[in-house]
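These notes concern the structure reproduced below.
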Amino acid sequence: MKPFAAFLGATLIAGNALAGNQFDINVGKPGADISPTMYGLFFEDINYGADGGLYAEMIKNRSFEFPDRLMGWRSFGNIEVRDTDGPFDRNPHYVRLSDPGHGEKRTGLDNEGFFGVSFKADSVYRLSVWSRTASDAPSRIKVELIEPDADGESQVCADVKIDVKGFEWKRYTAELRPDRTVAKGRLRIFLDSPAAVDLEHVSLLPADTWKGREGGLRRDLVQRLADIHPGVFRFPGGCIVEGTELPDRYQWKNTVGPVENRPLNLNRWHYTFPHRFFPDYFQTYGLGFYEYFLLSEEIGAAPLPVLNVGLVCQYQNHDPKAHVPADSLDEYIRDAIDLVEFANGDTTTTWGALRAQMGHPAPFGLKYMAIGNEQWGPEYVERLKPFVEAMRRECPEIEIIGSSGPDSEGDKFDYLWPEMKRLDVDLVDEHFYRPNDWFLSQGMRYDGYSRKGPKVFAGEYACHTPGYKRNNYGAAICEAAFMTGLERNADVVRMATYAPLFAHVEGWQWRPDMIWFDNFESVPTSSYFVQQMYATNKGTRVLPLTMDGKPVAGQEGQNGLFATAALDEDNGTTIVKVVNTGDTPQSVDLVFKGLKKNRRYTSCKVVTLSSDNLRGDNTLQAPDAVRPVESAIDIDGTSFTTEIASQTFKVFILK
Ligand code: AHR
């Protein structure tokens with residue numbers, strides 16, 4: 001066979017050599033549909049992903065509800081924490097600032113933020129505080145953004161005075177525009193009058209949030225998510241769904257309605273790893289279920305909530321009595337049914353009306369719900385069963401996702417899969433945080449799965465390099481290789497989400513993660529780019545791609561190559577993804593068969609992810625170490641030869 005193409009670009013070999021690896025791609029025989037939900041995102045409030053991360057609130061313990069009521073605050077002068085007749089019944093604590101007793105002394109408090117109150121020169125920050133006078137006399141506070149370590153004369157970078165009038169609680173707002181950029185700043189409040197004042201829910205957010213929304217999300221971080229073009233967005237976790245004890249479980253009903261009255265909850269990542277202990281990590285639910293649905297919609301992803309099944313975390317709590325008895329799940333099942341009403345219900349329904357009141361009268365179009373996170377054993381199955389029965393009856397439009405447990409294989413997995421089939425769930429959530437060689441050995445994982453049973457949601461996965469549990473390019477290449485098998489088996493695998501998503505550089509508990517950030521910047525990792533290259537070049541139908549009649553999945557004699565092909569019926573393109581996981585460059589002949597008579601390819605875009613440093617990755621200090629690079633090829637024909645450098649992932653998009 002002769003190659004027809006004339007190639008441009010350094011990685012392509014023009015000429016006749018067809019030595020090595022010939023991939024036959026049958027364009028005339030499109031196979032399974034690739035689900036629009038195929039490549040998505042998994043979000044959990046771990047690593048300060050929500051509070052201190054995506055949720056743009058800058059004040060820690062803004063409602064004085066942390067068990068240590070003044071955690072995150074430094075108080076001075078005459079301060080009292082009170083809990084009688086506050087404005088919010090589910091967050092009852094507030095502070096009273098009273099006269100310090102001498103004209104030269106001060107009363108007030110200042111907040112440390114999340115790893116600092118970080119602000120930029122000339123940007124606008126919106127302050128809000130609920131307040132009332134503590135007596136008949138009017139009072140005043142002075143609020144400042146300060147630079148504690150200022151070298152110059154004054155720590156003050158911005159200030160504003162707020163007059164508080166009346167004994168009724170009211171929300172006061174102001175804007176602060178700092179004169180300098182400070183990473184480790186604080187918000188300071190002085191009592192600025194002899195008369196005492198009460199303060200509650202002290203909040204500060206940048207004006208420049210995602211879509212400029214007041215009380216919103218960090219624009220830069222949401223943009224990272226949108227840039228992936230995710231098909232599905234799973235929330236709110238993860239283990240935080242479960243709770244160490246039942247009262248700590250994630251309860252979506254506590255996360256909707258006015259933010260001021262969303263009750264504080266523990267965050268298990270506060271204490272899960274004592275060697276990375278964060279005693280000030282809690283969930284305020286400023287980013288709650290309404291915001292998750294809205295975010296899903298705005299980044300174009302199908303929302304996928306995960307609900308508690310009546311089990312606490314089976315890793316953390318071994319007391320069988322800590323779970324809800326299997327015959328007492330009514331409240332939990334009600335939560336699931338009500339959530340469908342919240343997302344999809346008419347605005348005349350109780351929960352649909354709340355959605356409308358919060359700003360979204362149109363339904364969110366919820367189609368999927370996972371019941372239970374990473375649960376296992378008969379205790380899971382006996383609880384999931386009544387959920388499935390009730391959901392089928394009350395919400396037949398919802399596809400139910402069950403769990404295959406925490407392991408990629410083994411006893412728990414082998415027990416649960418047949419049980420999930422028996423319960424007839426729609427998808428089964430598989431989790432695998434596994435080493436490089438595991439990923440490279442799983443290229444054919446889904447080729448052997450039954451085509452009749454539930455579909456697969458690869459709901460949490462990441463390559464964890466042994467002895468080097470941090471982001472690295474080598475791990476990302478293993479993920480890219482493994483994902484060829486997800487796509488080739490798109491009739492079985494309907495969704496896949498890497499995990500975890502976010503990590504604050506000063507507050508992480510778990511790594512690797514997809515996106516790292518500090519209070520100002522963020523950096524996508526190599527794993528991020530792998531996800532993005534798949535999600536933005538997904539295609540709509542799988543095309544058969546073989547080498548010597550076999551799928552290219554790192555099998556014996558395949559020289560470390562993995563590949564998959566797809567047709568994109570929307571754009572009229574053919575997409576081929578090739579990963580070379582070996583240590584030597586590979587010459588690959590892409591031979592397209594089954595094209596209609598006289599049809600040929602006339603253009604080809606190539607996206608390449610490559611790096612010489614398998615252990616390296618992007619960091620905030622060196623954000624551009626690994627980036628996908630685009631090039632174009634002149635082509636006129638139905639085959640071409642190309643070279644894939646070692647440890648390289650390439651996507652070819654042909655027209
Ligand atoms: O992604 C981190 C954790 O890993 C999730 O919370 C949990 O589901 C899994 O064990």
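As the structure is a prediction and not an experimental result, all values here were calculated from the model.
- Close placement of the Tyr281 and Tyr48 rings is indicated, their centers lying within 6.0 Å of each other.
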Where do Tyr498 and Phe42 land on the ring-ring contact (aromatic ring centres under 6.0 Å, His included) test, with the steps shown first? CA-CA 6 Å; Tyr498 176 100; Phe42 157 89; 9.3 Å; no

Just do the side-chain hydrogen bond (donor to acceptor under 3.5 Å, both in side chains) check on Thr244 and Asn317 with the steps written out, would you? CA-CA 6 Å; Thr244 305; Asn317 197 330; over 6 Å; no

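- The ring of Phe43 has its center closer than 6.0 angstrom to the ring center of Tyr292.
- A donor-acceptor pair is defined here as one N or O able to donate and one able to accept, closer than 3.5 Å; such a pair exists between the side chain of Asn47 and the backbone of Trp510.
- Other residues, nucleotides and ligands place more than 12 heavy atoms under 6.0 Å from the CG atom of Asp570.
- The only option from Arg494, Arg234, His431, Glu430 that meets the side-chain contact (heavy atoms from CB on, under 4.5 Å) definition with Phe457 turns out to be Arg234.
- Note on Asp220 versus Arg218: salt bridge recorded, some NZ/NE/NH1/NH2 to OD/OE distance being below 4.0 Å.
- Put simply, the side chain of Val552 reaches to within 4.5 Å of the side chain of Phe23, judged on heavy atoms.
- To the nearest 0.5 Å, the span separating OG1 on Thr573 from CD1 on Ile575 amounts to 4.5 Å.
- The aromatic rings of His464 and Tyr433 lie tilted to each other, with the angle between the two planes from 30° to 60°.
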Take Val222 and Leu295, measure what side chain to side chain contact (heavy atoms under 4.5 Å, CB included) needs, and give me the verdict at the end. CA-CA 8 Å; Val222 179; Leu295 175 62; 3.6 Å; yes

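- Here the options are Asn21, Val591, Asp589, the test is side-chain contact (heavy atoms from CB on, under 4.5 Å), and the partner is Thr641; only Asp589 passes.
- Salt bridge Glu374/Lys412: absent, no basic N to carboxylate O contact under 4.0 Å.
- Counting heavy atoms from C-beta outward, Phe517 and Val523 have side chains that stay 4.5 Å or more apart.
- A donor-acceptor pair is defined here as one N or O able to donate and one able to accept, closer than 3.5 Å; such a pair exists between the side chain of Thr181 and the backbone of Ala121.
- Contact check on Asp248 versus Arg268 returns no salt bridge, with no Lys/Arg side-chain nitrogen under 4.0 Å from an Asp/Glu carboxylate oxygen.
- Side-chain contact between Arg470 and Pro512: absent, with no pair of heavy atoms (C-beta onward) separated by less than 4.5 Å.
- Side-chain atoms of Asn472 do not come within 3.5 Å of backbone N or O of Thr465 as any donor-acceptor pair.
- For Phe277 and His270, the distance between ring centers is under 6.0 angstrom.
- Between Glu242 and Arg249 there is no salt bridge, since no side-chain N of the basic residue sits under 4.0 Å from a carboxylate O of the acidic one.
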In sequence, state the C-alpha distance, the side-chain angles, and the governing distance for Tyr250 and Val306, and then conclude on side chain to side chain contact (heavy atoms under 4.5 Å, CB included). CA-CA 10 Å; Tyr250 196 100; Val306 186; over 6 Å; no

Would you please test Phe273 and Trp508 for ring-ring contact (aromatic ring centres under 6.0 Å, His included) and show each step? CA-CA 11 Å; Phe273 301 126; Trp508 61 272; 9.3 Å; no

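- Between Pro466 and Asn436, the closest side-chain pair of non-hydrogen atoms falls below 4.5 Å.
- Distance check: Asp414 CG to Glu409 CD gives 8.5 Å after rounding to the nearest 0.5 Å.
- Contact between Met514 and Leu41 at its shortest, heavy atoms only, is CE-CD2, 3.5 Å.
- Remark: Arg224 does not engage Asp227 in a salt bridge, criterion side-chain N to carboxylate O under 4.0 Å.
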Would you sort out whether Ser646 and Asp583 count as a side-chain hydrogen bond (donor to acceptor under 3.5 Å, both in side chains), showing the intermediate values? CA-CA 5 Å; Ser646 74; Asp583 292 335; 5.6 Å; no

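- Listed here is the closest heavy atom pair of Ala499 and Ala462: O-CB, 3.4 Å.
- Proximity of a side-chain donor or acceptor of Thr209 to a complementary backbone N or O of Arg219 within less than 3.5 Å is not detected.
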Intermediate values then yes/no, side-chain hydrogen bond (donor to acceptor under 3.5 Å, both in side chains), Asn471 and Asp513: CA-CA 7 Å; Asn471 287 86; Asp513 306 287; over 6 Å; no

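- Thr648 is not listed as a side-chain neighbour of Val579, based on a closest heavy-atom distance of 4.5 Å or more.
- No donor-acceptor pair closer than 3.5 Å links the side chain of Gln22 to the backbone N or O of Thr546.
- With a 6.0 Å radius and a threshold of 12 heavy atoms from other residues, nucleotides or ligands, Asp411 has its CG atom at or below the threshold.
- When every heavy atom of Leu416 is checked against every heavy atom of Ser403, the shortest pair comes out as CD1-O, 3.6 Å.
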From CA spacing to verdict: side chain to side chain contact (heavy atoms under 4.5 Å, CB included), Asn489, Glu487: CA-CA 5 Å; Asn489 290 284; Glu487 190 165 297; over 6 Å; no

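- When every heavy atom of Asp45 is checked against every heavy atom of Gly49, the shortest pair comes out as OD1-N, 3.5 Å.
- His504 is not listed as a side-chain neighbour of Phe114, based on a closest heavy-atom distance of 4.5 Å or more.
- With rounding to the nearest 0.5 Å, the separation of OG1 in Thr581 from CG in Leu440 is 5.0 Å.
- Using cut-offs of 30° and 60° on the angle between ring planes, the pair Trp438 and Phe432 is tilted.
- With respect to Arg488 and Asp447, a salt bridge is recorded, a charged nitrogen being found less than 4.0 Å from a carboxylate O.
- Counting heavy atoms from C-beta outward, Leu543 and Thr574 have side chains that approach closer than 4.5 Å.
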Let me see the working for Ser35 and Thr37 under side-chain hydrogen bond (donor to acceptor under 3.5 Å, both in side chains), right down to the final yes or no. CA-CA 5 Å; Ser35 170; Thr37 56; 2.5 Å; yes

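- Shortest non-hydrogen contact noted between Met533 and Lys577 is O-CE, 4.3 Å.
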Go through it in stages, so that I can follow the logic: the residues are Leu225 and Ile515, the test is side chain to side chain contact (heavy atoms under 4.5 Å, CB included), and I'd like the CA-CA distance, side-chain angles, deciding distance and then a yes or no. CA-CA 9 Å; Leu225 306 185; Ile515 301 166; 4.0 Å; yes

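- Within the model, atoms CG of Asn580 and CD of Gln586 stand 5.5 Å from one another, a figure rounded to the nearest 0.5 Å.
- Using the six-membered ring where Trp is involved, Tyr534 and Phe649 have ring planes that are parallel, under 30° apart on the 30 and 60° scheme.
- Interatomic distance, CD of Gln532 versus OH of Tyr39, reported as 14.0 Å (0.5 Å rounding).
- Atom CD of Glu521 sits about 10.0 Å away from atom CG of Leu221, to the nearest 0.5 Å.
- Closest approach of Arg511 and Trp516 over heavy atoms only: CB-CZ2, 3.8 Å.
- Cation-pi geometry between Arg434 and Phe439 is not met: the NZ or CZ atom fails to fall both under 6.0 Å from the ring centre and inside 45° of the normal.
- Between Pro206 and Met58, the closest side-chain pair of non-hydrogen atoms falls below 4.5 Å.
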